[in-house]
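To start, the structure under review is shown below, and the notes come after it.
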Amino acid sequence: MAKQPKEQEFVQHITPRNVDFSQWYTDVILQTGLVDYAPVRGCMVVKPYGYAIWERIQQEMDARFKATGHENVYMPMLIPESLLLKEAEHVEGFAPEVAWVTQGGTETLQERLAIRPTSETMFCTMYAKWVQSWRDLPMKYNQWCSVMRWEKSTRPFLRTAEFLWQEGHTIHETPEEAQAETLTMLEVYREVSEDILAIPVYCGQKSEKEKFAGARATYSMEAMMQDGKALQSGTTHNFGTNFAEAFGIQYLSREGKLEFVHETSWGTSTRLIGAIIMTHGDERGLRLPPNVAPIQAVVLPIAQHKEGVIEGAKRVADTLAAVGIRVKFDDRDTVSAGWKFNEWELKGVPLRIEVGPRDLAAGQVMAARRDTFEKATLPMEGLADAVRALLDEIQASLFAQAKAFRDERTTVVHNYDELKQAVEGGFALGMWCGDEACEEKVKQELSATSRNMPFDQKPHGDTCCVCGKKADKAMYFAKAY
RNA sequence: CGAGGUGUAGCGCAGUUUGGUAGCGCGUUUGGUUCGGGACCAAAAGGUCGCAGGUUCAAAUCCUGUCACCUCGACCA
C-alpha cells in the first residue's frame with residue numbers, strides 16, 4: 001500500500017489519562033476530529049464527527065421532549081438590554097459574561113442588544129403577550145440554539161464562549177405543575193445520560209448558593225469524570241412566579257382572578273459530549289456507547305485486493321444497515337487494515353467487523369469490541385441479531401464500568417477530615433446543615449463545591465460533615481469543572 | 001483575571017543561554033515492491049520561526065507589546 005490518507009493526525013500518541021488528564025482530553029478531542037480551535041477567542045469549531053454525536057444527542061433528547069408534550073420554537077439571538085434588566089438576580093448573575101451589540105451597520109444603536117446568554121427574558125416577554133386565560137396554559141416550548149457567555153477561561157465542550165444547547169421554557173397554572181415539570185425534565189435528562197450516553201449521574205437539588213440566577217429552586221445531574229471531578233451535565237429550574245412578576249405574565253384563572261404563571265426552564269448543552277469523552281475514553285482514544293455513536297460498527301474488508309472480498313464485506317455491511325444498525329463500510333485502499341484498526345479505535349467506534357477471504361470461505365466474520373478489545377467469530381447466518389446483541393452488551397458494559405468507577409470513588413463522610421480526603425479524586429456524600437458558611441469553607445480550603453442534594457438518600461446521622469452542627473440534608477461535595 | 005510554561009514546514013520537535021546561510025523525524029508528491037494490527041525502497045516538494053513594534057551591519061535568538069494553547073488558582077453550564 002503506497003499511499004497514506006489525509007487523516008494523518010491519527011498516528012500521534014495520546015497522553016495516558018492517568019498522567020495528565022487535561023492533556024489527554026486535548027489530545028483526544030483534536031486527534032479524533034471532534035473539534036478544532038476557532039480564530040475567535042474561546043470559540044470552537046465543531047467538526048463533522050463531533051457534530052454527528054451532537055445530532056445523536058439531539059435526536060434522543062428531542063424525541064423525549066415531544067413525548068412529554070413540548071414543542072420547538074425559535075427566539076431571536078439579540079435581547080434588548082431593558083429586557084435583561086427586568087429580573088434583578090438574573091441580571092446580576094449574567095451581567096459579567098454578556099456580549100453586547102452596540103452598532104448596526106454604521107449607526108450606533110439607541111439601546112444596546114445582548115447576544116443571548118440564555119433566553120428566559122425573551123421567553124417571558126413573549127409569554128406575557130401570549131397568555132390571557134387559564135385555557136392557554138400550560139405552554140411548553142423548547143428551542144435548539146447557541147448562546148454566548150464571555151467566559152474567562154475556556155475548554156472545548158466543557159466551557160466555550162459560544163455553545164450549542166437546548167433550552168426549555170414552560171409556564172403553568174399551579175406551583176405543583178411547575179414543580180412536576182421541573183422534576184420530569186430532570187428525569188428525561190437522567191434517562192438520556194444513563195441509557196443513551198452510558199453516564200451514571202447523581203440527581204438532586206442545588207443549594208441556595210449554587211442555584212441559577214433568578215430561580216427559586218435548581219436541580220442538576222452530576223457526573224463523575226475519570227479524574228474524579230464532577231461535571232454538571234444538565235440543570236432544571238423552578239422559577240415559581242419570580243420572572244412572571246418581573247415580566248407581568250398574568251392570566252385570568254378559573255375563578256376569574258388575575259394570577260401569575262408558574263415557570264420553569266431546563267437546559268443541556270454540547271458539554272454532554274465532553275462528559276462522554278471524559279467518562280468513557282481510554283489510552284487509545286474515545287469509547288462511544290453504541291446508543292450515541294454515529295457509527296456503531298465499522299466493516300473492514302481484509303486483504304481487499306483479493307477477489308470477491310470487497311463484495312463479500314459490502315454484503316455484510318448492507319445486511320447490518322438494512323436492520324437499522326449505523327454502519328460504516330471502510331474499503332479505502334489507501335491505508336492498510338492495521339491503520340484502519342487504530343483509526344477506528346481512536347474514534348471510539350464500538351464494534352469492528354473484519355471480513356477477509358478466510359472468513360468469507362467459512363461463512364463467518366470477526367467482531368472486535370472497542371470496550372474490552374475482545375474478539376469473536378460470528379456466523380454469517382443471523383449476523384444482524386448477533387451484532388445487535390453485542391452492541392447492547394457494549395452499551396451495558398460501558399455503563400457498568402462508569403458506574404463502578406463512580407461508586408468506588410463516592411465516599412460517605414461523617415466529618416471534615418473524611419470530607420477533605422474524599423474530595424481528592426472523588427465525591428463526598430455527607431450530611432450538611434444548610435449553612436452557606438460551610439460551603440464557603442469547603443470551597444476556600446478544599447476547592448470543592450456543593451454539587452446537589454440527593455432526593456433518595458437517607459440521612460447518615462444528623463451532624464454536618466463540615467461544621468458538626470445539626471444537619472437534616474444530604475449533600476454531595478466534589479471538585480468540579 | 002492572577003502565577004508559571006509553550007508557540008519554529010501539515011503534525012511532533014531541536015536550534016534561543018553566547019545574535020551570523022532554517023534543521024530533524026513523521027506525513028505529503030512521484031515511481032516501484034508489499035497487503036489478516038500503524039509496510040518498505042528511491043527521488044522530490046514544503047517554513048516571512050504566533051503576530052506587531054523596537055535594538056543591531058545582522059534577530060528564531062535580545063527588548064516591549066499582543067494573541068493562542070497548557071498547568072495551578074479565582075469565576076461560571
Side-chain angles (χ1 to χ4, degrees), chain A residues 1-13 15 19-27 29-31 36-44 93-98 117-118 147-167 189 206 209-213 218 220-223 230-237 265-272 274-275 284 300-306 309 313 333-346 352 354-360 365-366 368 373 375 377 443-444 447 449 451 479-481:
Chain A
M1 225 146 290
K3 293 167 185 133
Q4 300 296 338
K6 297 283 183 201
E7 301 92 41
Q8 263 339 305
E9 312 85 83
F10 299 126
V11 179
Q12 302 307 325
H13 286 283
T15 306
V19 171
D20 184 344
F21 197 67
S22 278
Q23 189 59 53
W24 171 85
Y25 180 79
T26 306
D27 289 349
I29 57 169
L30 293 178
Q31 290 181 33
D36 203 349
Y37 292 105
V40 187
R41 194 203 105 89
C43 292
M44 62 175 168
F94 280 101
E97 49 192 44
V98 171
T118 178
V147 289
M148 173 158 280
R149 299 178 189 178
W150 213 258
E151 297 288 353
K152 302 194 167 135
S153 72
T154 60
R155 312 212 54 193
F157 295 124
L158 302 180
R159 171 162 295 105
T160 47
E162 183 189 11
F163 59 95
L164 295 168
W165 79 343
Q166 59 68 214
E167 47 179 328
Y189 287 164
K206 286 283 190 184
K209 182 175 187 292
E210 297 288 327
K211 74 179 187 186
F212 181 82
T218 290
S220 75
M221 60 177 182
E222 306 280 334
L231 186 71
Q232 176 176 308
S233 46
T235 49
T236 70
H237 315 289
S265 85
W266 26 276
T268 53
S269 70
T270 37
R271 180 176 251 204
L272 286 170
R284 310 287 285 268
L300 299 183
I302 301 295
Q304 63 183 53
H305 58 286
K306 294 197 175 143
V309 171
D333 62 358
T334 49
V335 283
S336 67
W339 180 279
K340 293 178 190 176
F341 291 177
N342 286 286
E343 178 176 337
W344 292 116
E345 279 169 8
L346 174 61
R352 179 180 73 239
E354 306 172 23
V355 186
R358 294 202 289 272
D359 300 310
L360 286 168
V365 301
M366 182 74 84
F373 295 107
K375 290 188 180 186
T377 41
K443 186 164 190 174
Q444 290 305 319
S447 59
T449 50
R451 303 316 304 162
K479 297 186 180 183
Y481 278 95

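Letters go in sequence order (proteins before strands), and every chain restarts at 1.
- At least one side-chain heavy atom of A:L30 sits under 4.5 Å from a side-chain heavy atom of A:Y37.
- The pair A:K206-A:E222 meets the salt-bridge criterion, since a charged nitrogen lies less than 4.0 angstrom from a carboxylate oxygen.
- Comparing the P positions of B:rC40 and B:rC35 gives an interatomic distance of 14 Å, to the nearest angstrom.
- Figure legend: A:R149 and A:W165 shown as a cation-pi pair, the cationic atom lying under 6.0 angstrom from the six-membered ring centre and within 45 degrees of its axis.
- Proximity of a side-chain donor or acceptor of A:D359 to a complementary backbone N or O of A:G356 within less than 3.5 Å is detected.
- Taking the side-chain hydrogen bond (donor to acceptor under 3.5 Å, both in side chains) definition, one finds that A:T154 meets it with nothing, sequence neighbours left out.
- B:rC69 is paired with B:rG5 under the Watson-Crick or G-U wobble criterion, all donor-acceptor distances under 3.5 Å.
- Atom-to-atom, NZ of A:K340 to P of B:rG38 comes out at 13 Å; the value is rounded to the nearest Å.
- Neither OP1 nor OP2 of B:rC69 sits under 4.0 Å from any side-chain N or O of A:Y25.
- The shortest heavy-atom contact between A:A480 and A:R451 is CB-NH1, 3.3 Å.
- The heavy-atom pair separating A:T218 from A:K211 by the smallest distance is OG1-CB, 3.5 Å.
- A:L158 comes within contact range of at least one nucleobase, with a heavy-atom separation under 4.0 Å.
- Nucleotides B:rG5 and B:rA14, compared at atom P, are 16 Å apart to the nearest Å.
- Nucleotide B:rC70 holds its C1' atom 12 Å from the CD1 atom of A:I29, rounded to whole Å.
- Base engagement by A:P357 is indicated by at least one non-hydrogen atom pair under 4.0 Å involving a base atom.
- B:rC40 atom P lies 11 Å from atom CH2 of A:W339, rounded to whole Å.
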A:M148 vs A:V98, side-chain contact (heavy atoms from CB on, under 4.5 Å): CA-CA, chis, key distance, verdict:
CA-CA 7 Å; A:M148 173 158 280; A:V98 171; over 6 Å; no
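- Between A:Y25 and A:Y481, the distance separating the two ring centers is not shorter than 6.0 angstrom.
- With rounding to whole Å, A:R155 atom CZ is found 10 Å from B:rC69 atom C1'.
- If you measure from atom CZ of A:F341 to atom P of B:rG38, you get 9 Å, rounded to the nearest angstrom.
- Base pairing of B:rU64 is made with B:rA52, judged by Watson-Crick or G-U wobble geometry with both donor-acceptor distances under 3.5 Å.
- Looking at heavy-atom distances under 4.0 Å, A:Y37 makes contact with sugar-phosphate atoms alone, never a base.
- Rounding to whole angstrom units, CG of residue A:L30 and P of B:rA68 are separated by 16 Å.
- Nearest-nucleotide positions on RNA chain B place A:G338 closer to the 5' end than the other of A:G338 and A:G93.
- Going from the P atom of B:rG19 to that of B:rC57 covers 15 Å, rounded to whole Å.
- A gap of 13 Å separates the P atoms of B:rA44 and B:rC24, to the nearest Å.
- Base pairing of B:rG27 is not made with any nucleotide, judged by Watson-Crick or G-U wobble geometry with both donor-acceptor distances under 3.5 Å.
- Nucleotide B:rC69 holds its P atom 13 Å from the CE atom of A:M44, rounded to whole Å.
- The A:R352 side chain lies nearest to B:rG37 when the options are B:rC69, B:rG37, B:rG36.
- Under the Watson-Crick and G-U wobble criteria, each requiring two contacts below 3.5 Å, nucleotide B:rA39 is paired to B:rU33.
- With a cut-off of 3.5 Å on both Watson-Crick or G-U wobble distances, the partner of B:rC57 is given as B:rG20.
- Ion pairing between a basic and an acidic side chain is recognised when a charged N comes within 4.0 Å of a carboxylate O; A:E97 and A:K152 show no such pairing.
- When the C1' atom of B:rG38 is taken as reference, atom CG of A:N342 falls 5 Å away, rounded to whole Å.
- Nucleotide B:rA14 forms a pair with no other nucleotide shown, judged by Watson-Crick or G-U wobble geometry with both contacts under 3.5 Å.
- Checking B:rG36, B:rC70, B:rG37 against the side-chain heavy atoms of A:T26 singles out B:rC70 as nearest.
- Under 4.0 angstrom from either OP1 or OP2 of B:rA39 there lies at least one side-chain N or O belonging to A:S336.
- Distance check on atom P: B:rA52 versus B:rA59 gives 15 Å, rounded to whole Å.
- The side chain of A:H305 approaches B:rC35 more closely than any other nucleotide in the set B:rG36, B:rC69, B:rC35.
- Rounded to a whole angstrom, the distance from the P atom of B:rG20 to that of B:rG37 is 49 Å.
- A:T160 comes within 4.0 angstrom of a nucleotide base, judged by non-hydrogen atoms across all strands.
- Comparing B:rU64 with B:rA22, their C1' atoms are spaced 26 Å from each other, to the whole Å.
- Among the protein residues, A:R41 comes within range of the sugar-phosphate backbone only, with heavy atoms under 4.0 Å from sugar or phosphate atoms but none that close to a base.
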Heteroatom pairs (N/O) under 3.5 angstrom, protein to nucleotides 72-75 of chain B:
residue, atom, partner, partner atom, Å
B:rC75, OP2, A:K443, NZ, 3.4

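- For the pair A:R451 and A:K306, nearest-nucleotide mapping onto RNA chain B gives the more 5' position to A:K306.
- On the C1' atoms, B:rA3 is 48 Å away from B:rA39, given to the nearest whole Å.
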